[in-house]
Amino acid sequence: MPIKVFNTLTGGKEDFIPLEKGKVRMYVCGPTVYDLSHIGHARSAVSFDVVYRYLRYSGYDVVYTRNYTDIDDKIINRANKDGVNWKDLAERYIEAYNEDMAALFVEKPTHTPRATETIKEMIDLIGTLIKKGYAYVMDGDVFYSVRKFVGYGKLSGKNIEELESGARVAVDENKDDPLDFALWKKSKANEPSWESPWGQGRPGWHIECSAMCLEKLGETLDIHGGGKDLIFPHHENEIAQSETATGKPFVRYWLHNGFVNIEKEKMSKSLGNILNIRDALKAHTPESVRLFLLSSHYRSPIDYSGDSLKEAEAKAERFYRTVERMEEEWPEILKKKAAAGVVKKRMRPIIEAMDDDFNTAGAIGIIFEEVAGANRMMDGAKKDKLTEELPVVRAVFKEASKFLGVFSSTHEEYFAKRKKMTGLPAKAVERLIKEREEARKKKDFKRADEIRDELKRQGIILEDTDEGTKWTGTSFHF
RNA sequence: GGCGGCGUACCCAAGUGGCUAAGGGAGCAGUCUGCAAAACUGCCAUUCAGCGGUUCAAAUCCGCUCGCCGCCUCCA
């Protein structure tokens with residue numbers, strides 16, 4: 001059964017068949033590095049991380065490229081405002097981005113080129129477009145003639161006439177046509193610039209992706225991804241540039257992820273509700289943030305709120321609690337290896353969900369059926385059944401975590417993170433627990449309950465078990 | 001105005017032609033517990049925004065109506 005993907009180009013689900021058998025070339029638009037990355041960047045990166053992981057899991061050899069836009073108006077403006085060098089600024093935010101991604105279990109793509117490493121290729125590409133008559137030089141700027149490209153609008157479903165009627169009147173217009181976009185921008189004094197046949201300048205935004213795709217992946221890509229907002233004009237322009245230059249189809253399957261809203265509102269500078277990844281991670285475990293992002297289909301809009309993250313944390317906790325119980329109550333059984341055939345059979349519904357346009361929400365739902373099943377078995381404590389089944393469940397968790405990237409921590413790692421999120425240092429908590437234990441021994445339940453209540457106010461939940469009292473932190477919320 | 005999407009229980013959410021409409025959270029009752037917590041068990045949508053149509057059969061396809069959202073400008 002082939003994997004089905006939703007292709008923006010055709011507006012429907014299609015069987016995924018790469019150009020070259022067994023090999024996938026994929027590209028995703030990365031961040032413009034002028035500030036800390038927000039939860040929307042996280043969604044795009046996590047969504048396509050799952051695509052990358054799952055295609056490899058399915059047996060494909062995947063070459064995945066994700067760029068950094070490290071030269072852009074926003075970077076220059078921000079650097080000027082902060083009084084720092086634009087290159088240092090970009091460098092700093094590339095590092096921050098990588099830290100955030102690592103925290104969210106996002107794997108490093110095969111290639112992560114920077115726009116500024118590909119200037120020569122961009123200049124060559126622009127030269128080709130001019131030579132073919134699709135681009136023109138205007139006083140040091142170079143523009144692409146949108147009207148010349150017959151297929152313009154095929155990705156976004158727009159037509160040129162409507163675009164023109166809706167086009168705003170640009171100030172200081174150098175272009176032949178308002179629809180034309182810049183391939184190369186003449187630099188002003190004190191701006192970063194590169195030498196080109198058209199004078200000192202820097203590349204436009206769209207050309208960098210075309211150049212990097214061509215350089216790292218070739219003329220035709222299997223998958224090109226990004227946020228829904230990039231469909232127009234960014235991806236539309238990439239198609240125009242690339243297909244004009246190569247004469248070949250640029251991308252076989254266009255994949256676009258939906259937005260993250262904050263408390264039902266779109267994240268935007270003007271509303272001041274941009275949520276940085278690191279702020280999100282101060283209040284929630286990375287496991288829960290990633291689980292939140294994967295608990296809805298990647299194309300749907302999702303709403304980030306205190307409640308939605310609380311639910312995700314509850315899910316993560318339920319999962320890791322079950323794993324903890326499996327490993328602590330039945331360690332000798334878990335050492336047994338599950339039969340590969342049985343595991344494969346149990347993975348089938350999960351695989352079916354994933355094959356259907358990477359339905360992570362469906363796959364996670366099935367994992368929680370396994371979680372309930374495992375708990376039921378352990379409650380029943382029928383040794384024969386457990387010996388047969390528990391290793392299978394454990395193996396299913398491990399397999400699924402390979403492509404979901406959640407459920408891949410150990411329960412120790414997860415609960416250690418939770419414990420760090422409380423209002424008290426671990427030592428103080430342990431001391432109070434000890435005091436409570438002594439009170440309990442003396443049957444002073446009033447004092448014992450006082451301590452438990454006090455800890456609860458600090459975000460700490462106690463659990464009395466046969467092996468003593470355990471504790472965990474509940475996450476704080478903004 | 002143009003293009004696209006969505007509306008499934010109290011909340012989140014999967015399911016897009018045919019077994020009892022996944023899963024999580026919240027809630028209620030029970031087992032366990034000093035009491036809790038966790039886990040488990042049971043309950044929690046005869047129905048999928050509304051209306052009409054196609055079909056042996058629809059949450060799923062078609063039409064209309066209502067409501068919400070995104071893109072059309074830098075944006076994940």
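All chains are named by letter (A, B, ...) in the order of the sequence lines, taking the proteins before the strands, and each is independently numbered beginning at 1. Keep in mind that what you see is a predicted model, and the values were worked out from it rather than measured.
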If you look at every strand shown and take non-hydrogen atoms under 4.0 Å, does [X] touch a base, only sugar-phosphate, or nothing?
| X | result |
| --- | --- |
| A/Lys269 | nothing |
| A/Leu462 | base |
| A/Ala372 | sugar-phosphate |
| A/Ile231 | nothing |
| A/Gly40 | base |

Which value, in whole Å, describes the distance between the [atom1] atoms of nucleotides [N] and [M]?
| N | M | atom1 | value |
| --- | --- | --- | --- |
| B/G2 | B/C11 | C1' | 35 Å |
| B/A21 | B/A58 | C1' | 13 Å |
| B/G52 | B/A14 | P | 29 Å |
| B/U55 | B/A49 | C1' | 23 Å |
| B/A59 | B/U54 | P | 16 Å |

(request) Give a yes/no verdict on base stacking between B/G34 and A/Phe445: centres under 5.5 Å, planes within less than 30° of parallel. (result) yes

Could you tell me the separation between the [atom1] atom of [X] and the [atom2] atom of [N], rounded to a whole number of Å?
| X | N | atom1 | atom2 | answer |
| --- | --- | --- | --- | --- |
| A/His206 | B/U73 | NE2 | C1' | 11 Å |
| A/Glu463 | B/U33 | CD | P | 15 Å |
| A/Asn159 | B/G1 | CG | C1' | 12 Å |
| A/Asp72 | B/C74 | CG | C1' | 8 Å |

Under 3.5 Å, is there an N or O donor on one side and an acceptor on the other linking the side chain of [X] and the base of [N]?
| X | N | answer |
| --- | --- | --- |
| A/Arg440 | B/G34 | yes |
| A/Asp229 | B/G70 | no |
| A/Asp464 | B/C35 | yes |
| A/Arg321 | B/A38 | no |
| A/Glu369 | B/G23 | no |

(request) For a ring pair (Phe, Tyr, Trp, His ring centres under 6.0 Å) with A/Tyr52, tell me which candidate from A/Tyr64, A/Tyr57, A/Tyr27, A/Phe403 qualifies. (result)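 Option passing the ring pair (Phe, Tyr, Trp, His ring centres under 6.0 Å) with A/Tyr52: A/Tyr64.
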
(message) Taking only side-chain N and O atoms of A/Asn375, does any of them lie within less than 4.0 angstrom of OP1 or OP2 on B/C40?
(response)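 For B/C40, OP1/OP2 do have a side-chain N/O of A/Asn375 under 4.0 Å.
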
(request) Taking only the side-chain nitrogens and oxygens of A/Arg318, find out if one of them lies under 4.0 Å from OP1 or OP2 of B/G24. (result) yes

Taking a pair as Watson-Crick or G-U wobble with both distances under 3.5 Å, which nucleotide is matched to [N]?
| N | value |
| --- | --- |
| B/C43 | B/G27 |
| B/G52 | B/C62 |
| B/G17 | none |
| B/C74 | none |
| B/C32 | none |
| B/G67 | B/C6 |

(message) Applying the side chain to side chain donor-acceptor pair (under 3.5 Å) criterion to A/His256, which one of A/Arg299, A/His235, A/Lys228 satisfies it?
(response)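 The residue from A/Arg299, A/His235, A/Lys228 that satisfies side chain to side chain donor-acceptor pair (under 3.5 Å) with A/His256 turns out to be A/His235.
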
(request) Check the side chains of A/Asn77 and A/Tyr34 for a donor-acceptor pair under 3.5 angstrom, ignoring hydrogens and angles. (result)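 There is no such pair between these side chains.
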
(request) Using only heavy-atom distances, determine whether the side chains of A/Tyr93 and A/Asp70 contain a donor-acceptor pair under 3.5 Å. (result) no

Closest nucleotide among [options] to the [X] side chain:
| X | options | value |
| --- | --- | --- |
| A/Asn359 | B/A39, B/A14, B/A76 | B/A14 |
| A/Arg436 | B/C35, B/A37, B/A76 | B/C35 |
| A/Asp379 | B/A76, B/C40, B/G24 | B/C40 |

(request) Kindly write out the residues that satisfy side-chain hydrogen bond (donor to acceptor under 3.5 Å, both in side chains) with A/Trp330, not counting sequence neighbours, or none if the list is empty. (result)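 side-chain hydrogen bond (donor to acceptor under 3.5 Å, both in side chains) check on A/Trp330 returns nothing, list empty.
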
